[in-house]
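Notes follow once the structure below has been shown.
All heavy atoms count here, side chains included; hydrogens, waters and symmetry mates do not. From a predicted model like this one, the values you see are computed outputs, not experimental measurements.
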Amino acid sequence: MKKLLATILAMILSMTMLSACSKNSGNPVQEESLKPENSVTPAQGEFPKPVGSYTVGRTQMDFKYRASNNSDRELTALFFYPSDSTEGKPTAEYAFPEFQSLRDELLVKLGATAGEQLFEPDFKTWSYNDLALSQRAQQYPVLFYVHGAGAYPQQGTLYAQDLASSGYIVVSIGHADSGVYKLKDGRTMSMSPEFMDDLVKYGMEAATLITPQLVTEKLGEEEAIEVSRKLTSAPEAVKFAKYAVLQSEDIRYVADQLYQMNTGDIESIFKGRLQLEIGMGVFGHSFGGTTAAIVSRDDDRFVGGVNFDGNMLGALDSDLKKPFMQLGTVLAYNTNAFLLESNSQDSYFAIIDNVIHSDFSDSLFTATNGAARGTRDAMEQRSIITSYTKAFFDRYMLNKETEIESLTFDGVDMIKKP
């Protein structure tokens, strides 16, 4: 039981994921979105080159507002965006120097020991700070990325770079209560004590409900739907969902600010350059995927979302009334299968073998501990996630004729409804 509890807590705290899935090999049969020249395995200590033709700019903005629970939430947001030139600048740092010590403090508070570095301090990105926005198009579509519980806004840099280099602006928020991030004035923020307490309670409850079979074996659809409803309606799961609701408010607040940036009421490089009339998209990893579902359901400005191996707390049996995609492990399917029955719009569920939970984040390349990775080739996994995510938003935001179902990969079971 102790080992299972540790696994479940690790699953939730997305910086230290250890849960495993099945062991089949995974070679892509067809991948239309990635260019061959960007499929070269990168040198150790750096991300692979982004898949698109744009240079990737990155800038940071901070925000503060009062949430529905009357708490003052202080956020930071990283904007990854298309640019035309590096302007001779060095690549942006990946995270921030204080991250490792803050992460170790969290682990100790959760009853674990300080761990190895999650990534090298000088890990190389393909982003450049404060570049000019590209002039190749008048406006660019907007996506939001949501980090996992206890993670950081840079956690999705791999996929933010791929999408920004392909012509999207990607906004990644450091969320109050659940995030670890650094504001522009130098102050650092970490998980709140209340969030940590509720995280542990939720993890302990999940440990009593999730059997080893759910981690390794795909259930039949009816059984999976029944199991997923049971897990998502458990008392601590229902209680913990409030944080995903607050994170959805963070996103909706920053989205409000984007409209003001577009009109010039808030000074930024984005005046008149945001393609907001077509709607926005949202995707996230782990608890960030949970948030993506809630944003998709509750805000009509968002056309749909993608969940990277997260659960659906707070969205039990919800009709999102939006297209939605889940990319995950067998465990994610067994604990979220009700999505396929409850959502009235196009719903996709890709079950990817030979990966673990952290393989849906930057850990795919940044992890310094090989044991914290699945056995699927990292470039193959990146190809799967980027290809499906880009195809989804190309189709449902940009109305491009992308056939998501034609993206076939060995070891990936894609389910679509209706």
Side-chain angles (χ1 to χ4, degrees), residues 57-81 92-93 95-96 98-99 102 127 129-131 133 140-157 160 164 168-192 194-195 242-276 279-285 287-288 290-292 294-296 298-302 305:
R58 192 183 81 176
T59 194
Q60 181 178 1
M61 298 180 72
D62 292 346
F63 303 92
K64 187 175 182 179
Y65 78 105
R66 178 153 290 189
S68 62
N69 66 350
N70 290 320
S71 65
D72 290 324
R73 293 177 68 81
E74 199 164 6
L75 319 170
T76 198
L78 299 177
F79 293 73
F80 297 82
Y81 56 89
E93 68 175 1
F96 52 97
E98 301 90 344
F99 174 82
L102 290 172
S127 304
N129 285 331
D130 301 318
L131 299 180
L133 189 60
Y140 295 95
V142 176
L143 304 173
F144 281 82
Y145 172 81
V146 196
H147 65 67
Y152 47 106
Q154 295 89 343
Q155 183 204 31
T157 293
Y168 286 92
I169 293 172
V170 182
V171 186
S172 182
I173 298 173
H175 292 279
D177 288 326
S178 64
V180 182
Y181 52 97
K182 188 174 184 177
L183 298 167
K184 291 188 70 175
D185 63 11
R187 288 177 295 139
T188 56
M189 311 293 281
S190 193
M191 282 200 296
S192 69
E194 180 186 14
F195 182 88
K242 68 182 179 183
Y243 296 105
V245 173
L246 287 170
Q247 290 186 172
S248 74
E249 291 184 21
D250 294 344
I251 292 171
R252 298 173 71 177
Y253 174 80
V254 175
D256 291 342
Q257 310 315 298
L258 294 185
Y259 283 85
Q260 295 189 56
M261 292 180 205
N262 216 26
T263 62
D265 291 337
I266 295 177
E267 184 177 352
S268 74
I269 64 172
F270 302 114
K271 181 179 179 180
R273 307 298 305 280
L274 305 177
Q275 195 176 0
L276 299 175
M280 295 169 284
V282 57
F283 66 109
H285 174 236
F287 198 57
T290 307
T291 306
I294 293 174
V295 172
S296 297
D298 294 344
D299 194 324
D300 287 340
R301 296 175 299 181
F302 287 81

Is [Y] close to [X] at the side-chain level, that is, under 4.5 Å between some pair of heavy atoms?
{"X": "Arg273", "Y": "Ile169", "answer": "no"}
{"X": "Ile251", "Y": "His175", "answer": "yes"}
{"X": "Glu74", "Y": "Arg187", "answer": "yes"}
{"X": "Gln154", "Y": "Glu93", "answer": "no"}
{"X": "Leu75", "Y": "Tyr65", "answer": "yes"}
{"X": "Val171", "Y": "Met280", "answer": "no"}

Heavy atoms only: give me the nearest [X]-[Y] pair and the separation to one decimal.
{"X": "Glu194", "Y": "Tyr243", "result": "CG-OH, 3.1 Å"}
{"X": "Gln275", "Y": "Pro141", "result": "OE1-CD, 3.5 Å"}
{"X": "Ser248", "Y": "Val245", "result": "OG-O, 2.5 Å"}
{"X": "Gln155", "Y": "Gly148", "result": "OE1-N, 3.0 Å"}
{"X": "Asp298", "Y": "Arg252", "result": "O-NH2, 3.5 Å"}
{"X": "His147", "Y": "Gly179", "result": "CE1-CA, 3.5 Å"}

Is the ring centre of Tyr81 less than 6.0 Å from the ring centre of Tyr140?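 Distance test on ring centres: not under 6.0 Å, no.
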
Mind checking whether Phe99 and Tyr152 have ring centres under 6.0 Å apart?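 Here the rings of Tyr152 and Phe99 have centres that are less than 6.0 Å from each other.
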
Does any N or O in the side chain of [X] come within less than 3.5 Å of the main-chain N or O of [Y], such that one atom is a donor and the other an acceptor?
{"X": "Asn262", "Y": "Leu274", "result": "yes"}
{"X": "Gln60", "Y": "Thr76", "result": "no"}
{"X": "Asp177", "Y": "Phe195", "result": "no"}
{"X": "Ser172", "Y": "Pro153", "result": "yes"}

Only one of Met261, Gln257, Lys184 clears side-chain contact (heavy atoms from CB on, under 4.5 Å) with Met61; which?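 Option passing the side-chain contact (heavy atoms from CB on, under 4.5 Å) with Met61: Met261.
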
In terms of relative ring orientation, are Phe302 and Phe144 parallel, tilted or perpendicular, with 30° and 60° separating the classes?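 Judged by the thresholds at 30° and 60°, the geometry between Phe302 and Phe144 is tilted.
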
Parallel under 30°, tilted from 30 to 60°, perpendicular over 60°: which one fits the rings of Phe63 and Phe79?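 Phe63 vs Phe79 ring planes: tilted.
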
Restricting to side chain to side chain contact (heavy atoms under 4.5 Å, CB included), what partner residues turn up for Ala160, sequence neighbours left out?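 Scan of Ala160 (side chain to side chain contact (heavy atoms under 4.5 Å, CB included), adjacent residues dropped) gives Phe80, Val170.
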
Quick one: list whatever passes side chain to side chain contact (heavy atoms under 4.5 Å, CB included) with Thr188, sequence neighbours left out.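 Result, side chain to side chain contact (heavy atoms under 4.5 Å, CB included) vs Thr188: Phe96, Glu98, Leu102, Lys182.
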
Can you establish whether the number of heavy atoms outside Lys242 located under 6.0 Å from its atom NZ is more than 12?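 Counting neighbours around NZ of Lys242, more than 12 heavy atoms of other residues, nucleotides or ligands fall under 6.0 Å, so yes.
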
Carboxylate-amine/guanidinium contact Arg73 Glu249, below 4.0 Å: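 Salt bridge: no.
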
Can you tell me how far apart CE (Met189) and CE (Met191) are? Round to the nearest 0.5 Å.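 That separation rounds to 13.5 Å.
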
